[in-house]
Number of protein chains: 2
Amino acid sequence: MSTVTVMPTSLGGTRYKEVKEAMLAALTAQEWKGGEVIPSEKRLAERFGVSIGTLRKAIDELCAEKILIRHQGLGTFVAQHRRDRHFFRFFRVVRRDGERTYPAVTLVNFKKTKASALIAAKLGIESGARLFVFTNALALHGKVVVIDTVMLPEATFPDLTETMLRDRTDTLYNFYQDAFGINVTGTDERLRIARASELESELLKIDVASPVLEVERIAYSLNQKPVEYRLTRINTEEYEYIASKMKDGES
Amino acid sequence: MSTVTVMPTSLGGTRYKEVKEAMLAALTAQEWKGGEVIPSEKRLAERFGVSIGTLRKAIDELCAEKILIRHQGLGTFVAQHRRDRHFFRFFRVVRRDGERTYPAVTLVNFKKTKASALIAAKLGIESGARLFVFTNALALHGKVVVIDTVMLPEATFPDLTETMLRDRTDTLYNFYQDAFGINVTGTDERLRIARASELESELLKIDVASPVLEVERIAYSLNQKPVEYRLTRINTEEYEYIASKMKDGES
DNA sequence: AAGTGGTCTAGACCACTAC
DNA sequence: TAGTGGTCTAGACCACTTA
């Protein structure tokens, strides 16, 4: 019976919420890592001093938030970002006929800079704090359609290098998870029309200042802290942005 | 013990799923209408021949899908679309500074026509089936920013008239619910850039063929049947489309 | 066969609302 | 005070996975 994880019954509302918070804390502390199995429900119920039913309610919510994944007969796992799994949860560009494909990513540039007041506010960091900024060109069906400009606080991604970004073998969010223990659990996105910059128009093979769909994204970690700021620009001549919940076959 | 609502234990998977389907059927049949309270959990458990826990699990899912709403001490209610409640669940246009406001709606035109093959496919009806088409201009902060063109199958909305649309006092989806018993429970949306038509440019006070954000929406009813097809066009100079889940204060 | 999560039960007690 | 939903329990039994 671990004293660290026993919870007061009086604070924070209900038992299962307390259990949920304790599990989020354990996940944030990387006690269990992406893709790993967590202890059985019986063990966790003992550890937290609650009944199985209560423990299950906490896990129910974590599964609904796609932080954990249950597999009957196997166990409960820490959700992992993978190209072949939850990729289309965050990548919402599809061809107009509905055809979905994985993008071929090319790193266009990478630099270290300092956060402007605007970016700092979005990321909840101090103005002037060190920042990584890099741009990816994403090709679908052999044609560049999407340009991502990604901004990451150095404090959250220490020692990130251009080489690490080039050598990653899976998705960006999988990389954040494996290399930095950062679990992206949700995003806020706002869409509007923008005009293609010179670099963008060149990569997208459209005229300068052509209208493109801009997506401003803030990605949040397990503890609801912003960890990534991203501006995406999409050529929607043949593709579009799909906003709704995917059906079960979201994969 | 009603024989109508007793369910076979063998079919359709699990007990609570069966209960959920039976409740969806009762809602579709308008046994309980929008805004009304449904029977207590104890009564429903007796009616369906399951324990309270099982009945609760069915209701849990219906609440998660925003079909029902629980109020402790009061009862469980059929969710109702209301300007002051779930309005921003489906209206996703906000000013760039984040300010949200209710649109002032003006009905621009209304006509009866027949479904093209394309529209018919989207609505799951037969090509050439009778259709209502109407256009609304939506003003935010005193300025027209959004143009909605809405298409409704006559078979689903019999005897709809222009007057009914003008005289409605709450939201469109509230009107569908009260006047036709149609509960919109979800939408699919796709976004892309389009060019303003002559009418749109006039209403939006922008040049003809200016780029506008187009949102193509299919709205689904309780039984997952498409009930509305809508093309929205947004001037994103001062406003934007917010794609992410709202926080709890979504109202 | 052993271990896992999935479902279901039959209650107890608590918190909130209305009268 | 009575009735509602909200939480929690301690188990039983089922279905699935691995060995």
Side-chain angles (χ1 to χ4, degrees), chain A residues 1 5-23 26-27 32 35-80 248, chain B residues 1 5-23 26-27 32 35-80 248:
Chain A
M1 204 70 50
T5 52
V6 163
M7 273 153 305
T9 236
S10 54
L11 298 175
T14 62
R15 300 287 272 133
Y16 82 87
K17 286 282 185 193
E18 289 168 7
V19 171
K20 183 183 171 187
E21 289 306 315
M23 293 192 65
L27 287 161
W32 313 304
E36 288 179 9
V37 67
I38 68 172
S40 75
E41 300 184 339
K42 187 165 168 294
R43 267 182 229 284
L44 287 170
E46 284 165 6
R47 163 166 166 179
F48 294 123
V50 295
S51 75
I52 295 258
T54 302
L55 185 278
R56 278 183 65 79
K57 185 151 186 181
I59 292 186
D60 282 346
E61 290 200 355
L62 293 168
C63 287
E65 294 167 23
K66 299 187 199 289
I67 290 167
L68 298 178
I69 297 178
R70 287 204 258 233
H71 285 298
Q72 188 171 2
L74 263 171
T76 301
F77 298 78
V78 182
Q80 194 172 22
D248 295 339
Chain B
M1 202 71 50
T5 51
V6 162
M7 272 152 306
T9 238
S10 53
L11 298 174
T14 61
R15 302 285 271 135
Y16 83 87
K17 285 283 184 192
E18 289 168 7
V19 172
K20 182 183 171 187
E21 289 307 315
M23 293 192 65
L27 287 160
W32 313 303
E36 289 179 9
V37 66
I38 70 172
S40 75
E41 299 183 341
K42 187 164 167 295
R43 267 182 229 285
L44 286 170
E46 284 165 6
R47 163 167 167 180
F48 294 123
V50 296
S51 74
I52 295 257
T54 302
L55 185 278
R56 279 183 64 79
K57 185 151 186 182
I59 292 186
D60 282 347
E61 290 200 355
L62 292 169
C63 286
E65 295 167 23
K66 300 188 199 292
I67 291 167
L68 297 178
I69 298 177
R70 286 204 258 235
H71 285 298
Q72 188 171 2
L74 263 171
T76 301
F77 297 78
V78 182
Q80 194 172 24
D248 295 340

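It should be emphasised that the depicted structure is a prediction, and the values quoted were computed from it without experimental measurement.
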In whole angstroms, the gap separating C1' of dA2(D) from CZ of Arg43(B) amounts to 13 Å
Note: chain B reaches DNA chain C at heavy-atom distances under 4.0 Å over the stretch, first to last nt, 5' to 3', of dT7(C) to dA18(C)
In this structure, CE of Met23(B) is separated from CD1 of Ile38(B) (nearest 0.5 Å) by 4.0 Å
Rounded to the nearest 0.5 Å, the CG atom of Leu44(B) sits from the CD atom of Glu41(B) at a distance of 8.0 Å
For residues 72-80 of chain A, run the donor-acceptor check on the side chains, cut-off 3.5 Å, and write out each pair with its distance to 0.1 Å, sequence neighbours left out.
none

Here the gap from Leu55(B) atom CG to Arg47(B) atom CZ, rounded to the nearest 0.5 Å, amounts to 10.5 Å
Hits for salt bridge (Lys or Arg N to Asp or Glu O under 4.0 Å) against Lys20(B), two or more places apart or cross-chain, chain-then-number order -> Glu61(B), Glu65(B)
So which protein N/O to nucleotides 15-19 of chain D N/O distances come out below 3.5 Å?
from: dA15(D); atom 1: N3; to: Gln72(A); atom 2: NE2; distance (Å): 2.9

For Lys42(B), which contact category applies under a 4.0 Å heavy-atom criterion: base, sugar-phosphate, or nothing? nothing
Rounded to 10°, the angle between the first-five-pair and last-five-pair axes of the helix from dA1(C)-dT18(D) to dA18(C)-dT1(D) is 10°
Between His71(B) and Thr54(A), the residue closer to the 5' end of DNA chain D by nearest nucleotide is His71(B)
Result for 5'-nearest mapping on DNA chain D, choosing between Pro39(B) and Tyr16(A), is Pro39(B)
Side chain to side chain contact (heavy atoms under 4.5 Å, CB included) filter on Ser40(A), not counting sequence neighbours, yields Lys42(A), Arg43(A)
